[in-house]
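All ligand and atom numbering here is 1-based and tracks the order in the structure.
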Amino acid sequence: MHIHHKIVGLFTIITAVILSNIYFSLNRNLREQAFERISANIERQAVSIRTLLERYAGAGNDDYDDIADRLAADFQLRVTIVDATGRVLGDSNLDAEALRTIENHKDRPEIRAAFAEGSGVSDRYSTTVDKAMLYHAVRFSRDGQTGVVRLSIPLAELEEIGSRLRRLLVVPLLLAFFCIVILNTATAAVVSGPLRTITAQARRIAAGDFSRKLPVRTRDEVGKLAEAFNYMIGHVRSRIEEVTTSKSRLEAVFLSMFDGILVVDARGSIVLMNQALRELLSVQSDPVGKRPMEVIRNIEIQELTVETLTLREGLIRRELSILMPEERCLLVHATPICRDGKTQGAVLVFHDITELRTLENVRKDFVANVSHELRTPVASIQGYTETLLDGAINDPDNARDFLEIIHTESGRLAALISDLMELARIESGKFQPQFQSCSLVGFCRRAVEGLRPMAERKNISITLDLDERLPPVRADETQLTQVLINLIDNAVKYTGDNGNIIVSAAAAEGMMRVAVSDTGIGIPEKDIPRIFERFYRVDKARPRAQGGTGLGLAIVKHIVQVHGGDLTVESTPGRGSVFTFTVPLAS
Ligand code: ADP
């Protein structure tokens with residue numbers, strides 16, 4: 001219901017109540033006054049008639065009906081006379097015939113009171129004359145007899161007053177009523193109009209439209225309200241702008257964060273999940289409003305969320321592993337969002353530590369491997385030296401064999417150390433290759449030159465299938481020679497007597513593709529992905545005797561990567577292997 005209607009309705013009711021009150025109390029007052037006047041009059045007349053009856057009225061005239069008629073004519077009233085038994089002796093309104101049949105008046109209240117106390121009054125409806133009447137009765141004594149004379153007057157005058165008042169007042173009162181209602185309606189419109197404008201403005205603000213201000217037309221309360229409203233609009237607008245800016249700033253931070261962010265509300269439903277986390281956990285659908293379990297399929301994350309929501313303060317730090325979409329290790333920091341002592345939600349920050357853990361494992365393995373690799377030749381050297389010192393030195397045949405073993409083992413130790421240093425240098429990041437344009441044919445010749453004696457011992461042929469016109473490559477000469485030496489060295493090592501090794505190259509799409517193929521023992525398929533790891537050997541027993549350190553391919557892979565190329569291998573066990581690497585052509 002509009003306030004306008006409320007005001008009009010309320011004032012209409014109040015006006016109607018006041019006006020009808022005025023009308024009815026005026027009516028009652030005038031009636032009372034008239035009644036008092038009539039009863040005072042009739043009382044006076046009753047006293048006069050009693051006097052007349054007792055002292056003067058025609059002695060000897062016993063016709064009370066006649067007396068009643070006369071008195072009525074004089075006083076302009078109805079006069080009834082009853083005897084001590086209540087029988088009606090005379091009545092100005094009834095003829096002799098009617099008098100005989102009229103009932104006894106002894107029990108009429110005014111007559112009973114007159115017999116008892118001298119006078120009695122009563123106003124009631126008269127069945128005899130069929131009108132509302134006022135009666136006044138007085139006791140009289142005449143010729144030793146007691147009776148009651150009763151005067152009655154119709155109360156029609158009172159009715160007359162009522163209808164006169166109606167005629168006089170109804171129209172002006174109705175007029176006043178309508179004028180007041182009209183005035184009221186106009187006033188209500190004046191009051192509720194600005195309120196309606198303010199309401200409409202409030203609705204616009206709720207819908208986000210701050211463009212309009214309220215007009216301030218008056219200096220009264222409504223004007224002040226409009227002013228306060230305009231001030232509030234400005235204030236709210238700047239606060240909303242502030243909030244929006246900081247929200248978008250926060251969103252930008254969340255979005256650009258490398259770590260995954262998950263925010264849930266007090267019931268554990270997702271409020272926010274940043275892109276990094278969606279990618280990390282491969283969340284495809286819109287996660288907002290759902291529980292973590294519904295989109296992440298990981299019970300640990302769900303449990304951690306619930307646990308965090310039961311906290312009042314503090315931080316939970318937990319390492320979790322997920323299997324989907326791929327095996328990953330995550331470090332999660334979860335903290336509740338509390339306001340006024342109530343938990344309103346929780347924030348979970350996911351940090352992908354898979355690489356860190358892998359690196360840690362690699363480092364641990366590496367240290368263990370290095371120790372193991374170093375211990376073997378050192379133990380061998382120590383053993384043979386001790387044997388020599390213990391007397392074997394005096395046995396020239398054995399002494400020579402032992403010294404040769406010591407020589408080989410120290411050579412292995414030196415090779416191992418130099419490979420380790422090489423690897424450390426390349427991996428340290430301080431390694432700065434000296435790129436220059438150089439001929440591939442030159443490298444290959446240089447690399448093969450050093451290895452030929454070893455190959456000849458096993459009667460292995462090394463063929464350089466290279467075109468002299470091959471374009472130059474962009475490489476660090478020393479490094480690239482190292483790559484070729486390692487690959488050809490491996491080919492020789494892992495090829496049996498009378499085998500063949502072919503080094504070939506071809507240029508395509510800005511890269512030089514160099515292949516070293518052999519007819520050696522080959523590599524089982526399951527080992528291929530691992531042979532580039534440090535110290536990984538397919539046959540754990542063989543290579544030591546052949547002088548391998550297990551680091552050669554790891555070094556090759558690093559150097560090729562630093563050059564911007566890649567290294568691949570194809571192999572068939574028992575038939576041979578082909579190692580292929582690429583290097584960019586010199587532009
Ligand atoms: P190593 O010093 O033991 O040769 P590498 O890193 O050079 O270490 O090679 C790792 C492993 O890869 C070797 O132990 C060997 O088992 C395998 N491998 C490398 N090259 C060849 C090849 N041409 N033919 C067969 N196996 C090879």
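Of all atoms in ligand 1, listed by their number and element, those nearer than 4.0 Å to a heavy atom of Arg537 are 3 (O), 14 (O). Those atoms of ligand 1 that come under 4.0 Å of a heavy atom in Gly552, given as number and element, are 5 (P), 6 (O), 7 (O). Within ligand 1, counting atoms from 1 as listed, the ones closer than 4.0 Å to a heavy atom of Gly550 are 1 (P), 2 (O), 3 (O), 6 (O), 8 (O). Per-residue contacts place Lys493 under 4.0 angstrom from the following atoms of ligand 1 (heavy atoms of the residue considered): 1 (P), 2 (O), 4 (O). Heavy-atom contacts of Ile531 reach the following atoms of ligand 1: 10 (C), 12 (O) (cutoff under 4.0 Å). Using a 4.0 Å cut-off to heavy atoms of Tyr536, the atoms of ligand 1 that qualify are 10 (C), 11 (C), 14 (O).
Applying the side-chain contact (heavy atoms from CB on, under 4.5 Å) test between Thr495 and each of Asn500, Ile521, Asp518 identifies Asp518 as the sole match.
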Let me check something: any side-chain donor-acceptor pairs from residues 240-249 under 3.5 Å, sequence neighbours excluded? List them with distances.
residue: Thr244; atom: OG1; partner: Ile240; partner atom: O; Å: 2.5
residue: Thr245; atom: OG1; partner: Glu241; partner atom: O; Å: 2.5
residue: Ser246; atom: OG; partner: Glu242; partner atom: O; Å: 3.3
residue: Ser246; atom: OG; partner: Val243; partner atom: O; Å: 3.1
residue: Lys247; atom: NZ; partner: Glu251; partner atom: OE2; Å: 3.4
residue: Ser248; atom: OG; partner: Thr244; partner atom: O; Å: 3.0
residue: Ser248; atom: OG; partner: Thr245; partner atom: O; Å: 3.0

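Using a 4.0 angstrom heavy-atom cutoff, Arg534 does not count as in contact with ligand 1. Contact between Phe579 and ligand 1 is present, with at least one heavy atom of the residue lying under 4.0 Å from the ligand. Using a 4.0 angstrom heavy-atom cutoff, Gly520 does not count as in contact with ligand 1.
A salt bridge links Glu409 with Arg412: at least one charged nitrogen is closer than 4.0 Å to a carboxylate oxygen. Classification of Arg530 and Glu533 as a salt-bridged pair holds, one side-chain N sitting under 4.0 Å from a carboxylate O. Look at Arg318 and Glu300 and you find no salt bridge, because none of the NZ, NE, NH1 or NH2 atoms lies under 4.0 Å from a carboxylate O.
Ligand 1 has an N or O atom lying under 3.5 Å from an N or O atom of Leu553, backbone or side chain. Looking at Ile521 next to ligand 1, no N or O pair under 3.5 Å apart turns up.
Only the side chain of Ile523 comes within 4.0 Å of ligand 1, judged by heavy-atom distances. Counting heavy atoms closer than 4.0 Å to ligand 1, residue Asp518 contributes side-chain atoms (C-beta onward) but none from N, CA, C or O.
In the model, Ser211 has a side-chain atom that pairs as donor or acceptor with a side-chain atom of Asp209 under 3.5 Å. Between the side chains of Asp527 and Tyr536, at least one donor-acceptor pair of N or O atoms lies under 3.5 Å. Between the side chains of Arg513 and Thr582, not a single donor N or O lies within less than 3.5 Å of an accepting N or O.
Within a 6.0 Å radius of CD in Glu570, other residues, nucleotides and ligands contribute 12 heavy atoms or fewer.
Closest heavy-atom approach to atom 7 (O) of ligand 1 among the candidates Leu551, Asn490, Asn486: Asn490.
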